[in-house]
There are 2 protein chains.
Amino acid sequence: MQRNLTKDEKREQKLHVILSNAAKEFIERGYYKTSLDDIARMQNVTKPTLYYYIKNKEDILVKCEQITCGKINSLLDIVMARDISSLDMIQEFINEYIKIITDDVARCHVRHRGQMENKELAAKSIKNHKNIEFRVREIIRRGINDGSIRDCNSTILAILLFDSLNGLTSWYHSDGQVTLDELAEEIIALVTKGVSGR
Amino acid sequence: MQRNLTKDEKREQKLHVILSNAAKEFIERGYYKTSLDDIARMQNVTKPTLYYYIKNKEDILVKCEQITCGKINSLLDIVMARDISSLDMIQEFINEYIKIITDDVARCHVRHRGQMENKELAAKSIKNHKNIEFRVREIIRRGINDGSIRDCNSTILAILLFDSLNGLTSWYHSDGQVTLDELAEEIIALVTKGVSGR
DNA sequence: TAATTATGTTACTATATGGTAACAACATAT
DNA sequence: ATATGTTGTTACCATATAGTAACATAATTA
């Protein structure tokens, strides 16, 4: 048995359910094809009730983003603090990033990042991602300096890395044939060694 | 001076203008935020006029897809017919694919692929892409056999390759600092050699 | 020139849906 | 017990917009 939840914890929990359900639906049917009525129905409540937990429809995207970017930045904090080569940092990052990103809320964020109708929110969203990309670029740059990473365009590399990692969100499902570990291994091999035969 | 266009050529041309404009707007503002009235206004016509060129709004996505997939499949025909190693085929493919994909109509297709509301159209769209992916996988498989490509999971590799290439559509703009050739070079280096320092 | 077809327009309908106001019931704290 | 804040409801509005019908006109063909 779980101890009784406080009022705030309950609220938090309900918000999380709303976000998960909405995220899943946004991914499967699209943001505009999923109405607030649909989302409310999934919680067995009515639309106005949602407004106790979210400011408006777009706020769902914002909240998904906050949660996901929070996780990614924490991961970067941890990885960058470790006493390992930059190449190893990248590998470690890939390993954990995959785990973070294959979750409905994160998927939803990746798919809708920077697409808010509210210009300010959209700008903030893009900035959020750029910041994460910048931090990874920083690791790459250090790697080029310490020799663990081949001399290359760190900007392009960072982008390509994120494109392939984020691409996972649209095809990887945990119930498929490929496990997360296999996947991570394959990606890391590709990133480090490339595909060349000899 | 250009010779006079036939009726059908004119029609074709107008359709192309509609598709380009719509594609650009769908990318920038989103499919649902761009109304048919908006698109019509760009051509200085009214909404009903569009219906002489397209069946309905979704048909714009379908037509963008047909054009783009046509180009990609032709490219694959050419590349696969050449008498070069499979690794070289992949390199050649990347080189040309980048040129195809950095165009508004292709961008629009990439962004909206498989997202039609009409289930049949969506299924056909996914199939279209899967077929292209399959052909690239076939090149990879041959490459593993002939030794030009390292032993790896061809399915995952094909997907990752397309994810990073298609990712270009959301950040690469020809007016930026990176030229298409530099970009292709960097991607090919990454794919073949990876990033490892030594 | 007459007839037909392609291309365009104005005006409209049907429908969906984000958001809100007003009200109800419940839990909690004093 | 009573007051207060929280969480929920029903009913509604405003607005957007895909698609169509009916009509007008230009262009092409017979």
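Here the structure is a predicted model, which means the values were calculated and not measured. Computed from heavy atoms alone, side chains included, the values below leave out hydrogens, waters and symmetry copies.
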Rounded to whole angstroms, how far apart are [atom1] on [X] and [atom2] on [N]?
X         : N       : atom1 : atom2 : answer
Arg41(A)  : dG18(C) : CZ    : P     : 11 Å
Leu50(A)  : dT9(D)  : CG    : C1'   : 13 Å
Leu15(A)  : dT6(D)  : CG    : C1'   : 16 Å
Ile54(A)  : dG19(C) : CD1   : P     : 8 Å
Asn44(B)  : dG8(C)  : CG    : P     : 11 Å
Glu117(A) : dT17(C) : CD    : C1'   : 12 Å
Ile39(A)  : dG18(C) : CD1   : C1'   : 11 Å
Gln43(B)  : dT9(C)  : CD    : C1'   : 16 Å

*Ignoring hydrogens and geometry, is there a side-chain-to-backbone donor-acceptor pair from Asp59(B) to Val62(B) under 3.5 Å?*
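Judged by distance alone, no pair lies under 3.5 Å.
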Pairs where [range] contributes a residue and the test ring-ring contact (aromatic ring centres under 6.0 Å, His included) is met, not counting sequence neighbours:
range                       : value
residues 119-151 of chain B : His129(B)-Phe162(B)
residues 62-81 of chain B   : none
residues 6-30 of chain B    : Phe26(B)-Tyr31(B)

_As a test of understanding, state which of His109(A), Arg113(A), Glu65(A) forms a side-chain hydrogen bond (donor to acceptor under 3.5 Å, both in side chains) with Asn128(A)._
Glu65(A)
_Counting only side-chain nitrogens and oxygens, does Thr46(A) get under 4.0 Å of the OP1 or OP2 atom of dT9(D)?_
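Yes, such a contact exists.
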_Partners passing salt bridge (Lys or Arg N to Asp or Glu O under 4.0 Å) against Lys99(B) (at least two apart in sequence or in another chain)_ =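 Lys99(B) satisfies salt bridge (Lys or Arg N to Asp or Glu O under 4.0 Å) with Glu96(B) only.
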*Residues that Thr46(A) engages under side-chain contact (heavy atoms from CB on, under 4.5 Å), provided they are two or more places apart*: Pro48(A), Thr49(A)
_Five-pair end axes of the helix from dT1(C)-dA30(D) to dT30(C)-dA1(D), angle between them (10°)_ = 10°
_Per the side chain to side chain donor-acceptor pair (under 3.5 Å) rule, what does the pair list look like for residues 181-194 of chain B, sequence neighbours excluded?_
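Matches after skipping sequence neighbours: Thr179(B)-Glu182(B).
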Atom pairs under 3.5 Å: protein N/O with N/O of nucleotides 17-23 of chain D:
from, atom 1, to, atom 2, distance (Å)
dA18(D), OP1, Lys57(B), NZ, 3.0
dA18(D), OP2, Leu36(B), N, 2.6
dA18(D), N7, Lys47(B), NZ, 2.8
dG19(D), OP2, Tyr51(B), OH, 3.0
dG19(D), OP2, Lys57(B), N, 3.0
dG19(D), O5', Tyr51(B), OH, 3.4
dG19(D), N7, Lys47(B), NZ, 3.0
dG19(D), O6, Lys47(B), NZ, 3.0

*asked:* According to ring-ring contact (aromatic ring centres under 6.0 Å, His included), who are the partners of Tyr51(B), at least two apart in sequence or on a separate chain?
replied: none
